[in-house]
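Values in this document were obtained by computation on a predicted structure and should not be read as measured data.
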Amino acid sequence: MSQMPQLSACPSCEEPLESGDLFCGACGYDLSAVPARPATSPNGAAGTAGRPSEWPVAPEVDSTDTPAPTHLPTDLPGTDSAGTELTEPDEYPLPAPATPAAPAAPAATPVPDATADPRTAAPEPAPPAGTALCVACRSGRVDPDGYCENCGHAQPRERDHMEQELDAVAAVSDRGLRHHRNEDAFAISAAALPDGSPAVVAIVCDGVSSATRPDEASLAASRAADESLRAALERGTHPQQAMHDAILAAADAVNTLADEPPAAREHSPHQNAPACTLVGAVVAGGLLVIGWVGDSRAYWVPDDRTGPAVRLTEDDSWAAQMVAAGLMNEAEAYADERAHAITGWLGADAYELEPHTASFKPDRAGVVVVCTDGLWNYAEAVEEMARAVPADAAARPLHSAQVLVGHALDGGGHDNVTVAVVPFPCAPQGAGSA
């Protein structure tokens, strides 16, 4: 276990700290969340990723709002992880989703007698299981306002750090080291297609900080997209069409947040409507389907690392437009202060919404990394992202998501960081029935 780094000031509110402090006395920030730089690479013996190849530009919808057909193996020459045409994978089973245990209901803790002599009084019994205890003193109960009734410390908010794991997908989100709240959100789930085969869904959203209530926007979008996708897949809708419709459902959910009473707008007339970006991945029926709006990204990293990792999305951003127009190379564009100005987002004041969707059939097993710019800012090139992904990511998606979040925090943690890791199991080519 690595030692907690010694800090002179809280990375959240800059309150001076004393040696040995585990939590900030002013804001309650968990100082153990500031990671020490690992002595070795989190990849272990992962090896290095090969030279990336370009995936074709994702097809846009036409006037019927229907995405282009699925990419077939013959449509993608030279874009697989071996430099050859993609081939049709055999059928494979995905594990069933784990059912999370319901949390125990908080129980009342008896209040000690204030007049009792602490030298002779019997020790206070341990609080019942499920009672929310202070993260600082470990004994006081947390009141509804989020402060310890014993020592008064403010408690970390629920969204400051979130983790979730199913059998075939996992996600982690963290506030980072500089932001006062987490404006990212994610949703992961599993569904069953009409034929009983499994489908896995991962949605990651990044609230636009310059807009009002970005944390609400990202949460509403992630939940709406996840619900729409699961329902559509279970009805038998093609995964790419389901992804397109889910992005529209997410946009509607964010637009609804802008429907405020006139009196509320009078107090903040110059605020933008709630807004966020979205990126999602679906693994179903031998397909890998990606959808996005904004600058959150998805990367493909093959398990065997003998072929290249690939970025599957193209940013809706100023930098991407400059590169596409040939006015700057990628290094120049992303070094510009305007690089991260997004040109596409979900929100009532967005331009015409253009959901991007694409579907692929990888010829080998790998993982899809679905993330906000809080991660890819510290692993922007596909080679860097591949090096950051642990070698056993397909077998341990939650651990891999934790490592990737740690990579961003170790790099500075200037933004909220959220990542989902989605394994894509692929049957060996030529495998026949016994």
Side-chain angles (χ1 to χ4, degrees), residues 46 49-50 52-53 55-56 58 70-73 75-76 79-97 165-171 186 188-193 197-204 229-230 233 238-240 242-243 279-292 297-313 357-371 382 385-386 388-401 403-404 419-429 431:
S53 60
W55 287 85
T70 303
H71 291 309
L72 299 176
D75 297 331
L76 299 173
T79 59
D80 72 332
S81 51
T84 58
E85 293 185 1
L86 298 176
T87 54
E88 181 74 24
D90 294 335
E91 294 295 325
Y92 61 87
L94 285 180
E165 180 181 31
L166 303 179
D167 283 351
V169 61
F186 68 81
I188 59 174
S189 62
L193 303 182
S197 60
V200 178
V201 174
I203 300 293
V204 167
L229 270 169
R230 284 189 287 111
L233 292 170
H238 189 283
Q240 190 171 0
M243 177 64 77
V279 62
V282 172
V283 173
L287 282 177
L288 167 59
V289 174
I290 304 295
W292 74 97
R297 294 181 176 180
Y299 293 81
W300 163 259
V301 181
D303 284 350
D304 56 17
R305 309 300 173 94
T306 59
V310 180
R311 175 151 64 95
L312 304 176
T313 56
T357 62
S359 57
F360 307 98
K361 290 188 176 182
D363 71 332
R364 63 191 62 200
V367 294
V368 185
V369 177
V370 185
C371 63
V382 290
M385 184 63 73
V389 175
D392 59 353
R396 304 173 65 193
L398 178 59
H399 170 260
S400 299
V403 168
L404 290 170
V419 56
V421 176
V422 188
F424 185 97
C426 184
Q429 297 300 310

> Do any N or O atoms from the side chain of Ser197 and from the backbone of Leu193 form a donor-acceptor pair under 3.5 angstrom?
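Looks like no, no N/O pair under 3.5 Å.
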
> Would you say the side chain of Val201 lies within less than 4.5 Å of the side chain of Ile188, judging by non-hydrogen atoms?
no

> With side chains defined as the heavy atoms from C-beta onward, is the minimum distance between Val301 and Val368 less than 4.5 Å?
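No. Closest side-chain heavy atoms not under 4.5 Å.
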
> Is the closest side-chain heavy-atom distance between Ile290 and Thr357 below 4.5 Å?
no

> Would you name the heavy atoms of Cys371 and Met385 that are closest together and state the gap between them?
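Looking at all heavy atoms of both residues, the shortest contact is SG-CE, 4.3 Å.
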
> Using 0.5 Å steps for rounding, measure from the OG atom of Ser359 to the NE2 atom of His238.
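Rounded to the nearest 0.5 Å, the OG-NE2 separation comes out at 6.0 Å.
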
> Kindly give the heavy-atom pair with the smallest separation between Val289 and Pro239, and that separation in Å.
CG2-CB, 3.7 Å

> Please check if the side chain of Arg230 supplies one atom and the backbone of Ala199 the other of a donor-acceptor pair under 3.5 Å.
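No, Arg230 side chain to Ala199 backbone: no donor-acceptor pair under 3.5 Å.
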
> Any side-chain heavy-atom pair from Val370 and Val419 closer than 4.5 angstrom?
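No, their side chains stay 4.5 Å or more apart.
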
> Report the C-alpha separation of Val279 and Arg297 in whole Å, then their side-chain angles, then the decisive distance to 0.1 Å, and conclude whether the side chain to side chain contact (heavy atoms under 4.5 Å, CB included) test is met.
CA-CA 6 Å; Val279 62; Arg297 294 181 176 180; 5.9 Å; no

> For the residue pair Ala394 and Pro397, what are the closest heavy atoms and their distance?
O-CD, 3.9 Å

> So Lys361 and Leu287, side chain to side chain contact (heavy atoms under 4.5 Å, CB included) or not? Walk me through it.
CA-CA 5 Å; Lys361 290 188 176 182; Leu287 282 177; 3.5 Å; yes

> Give me the atom names and distance for the closest heavy-atom approach of Gly280 to Ile203.
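Of all heavy-atom pairs spanning Gly280 and Ile203, the closest is CA-CD1, 3.8 Å.
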
> I'd like to check Pro362 versus Leu288 (side-chain heavy atoms, cut-off strictly below 4.5 Å). Are they in contact?
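Contact flag for Pro362/Leu288 side chains = yes.
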
> So, for Ala168 and Val200, which heavy atoms are closest and what is the spacing to 0.1 Å?
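The answer is CB-CG2, 3.7 Å.
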
> What pair of heavy atoms forms the shortest contact from Ala386 to Ala309, and how long is it?
CB-CB, 3.8 Å

> Tell me whether Asp304 is salt-bridged to Arg364, with the criterion being a basic N under 4.0 Å from an acidic carboxylate O.
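So Asp304 pairs with Arg364 through a salt bridge.
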
> When you compare the side chain of Pro308 with that of Trp300, does any pair of heavy atoms fall below 4.5 Å?
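Counting from C-beta outward, Trp300 and Pro308 never come under 4.5 Å.
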
> Quick one: pull up CD in Glu165 and NE2 in His399 and give me the separation to the nearest 0.5 Å.
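Between Glu165 CD and His399 NE2, I get 11.5 Å after rounding to 0.5 Å.
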
> With a 4.5 Å heavy-atom cut-off, do Val382 and Tyr299 have their side chains touching?
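Yes, close enough: below the 4.5 Å cut-off.
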
> Please name all residues satisfying side-chain contact (heavy atoms from CB on, under 4.5 Å) with Ala242, sequence neighbours left out, ordered by chain then number.
Leu229, Ala232, Leu233, Thr237

> Determine whether Val367 and Val422 make a side-chain contact, defined as any pair of heavy atoms from C-beta on separated by less than 4.5 Å.
no

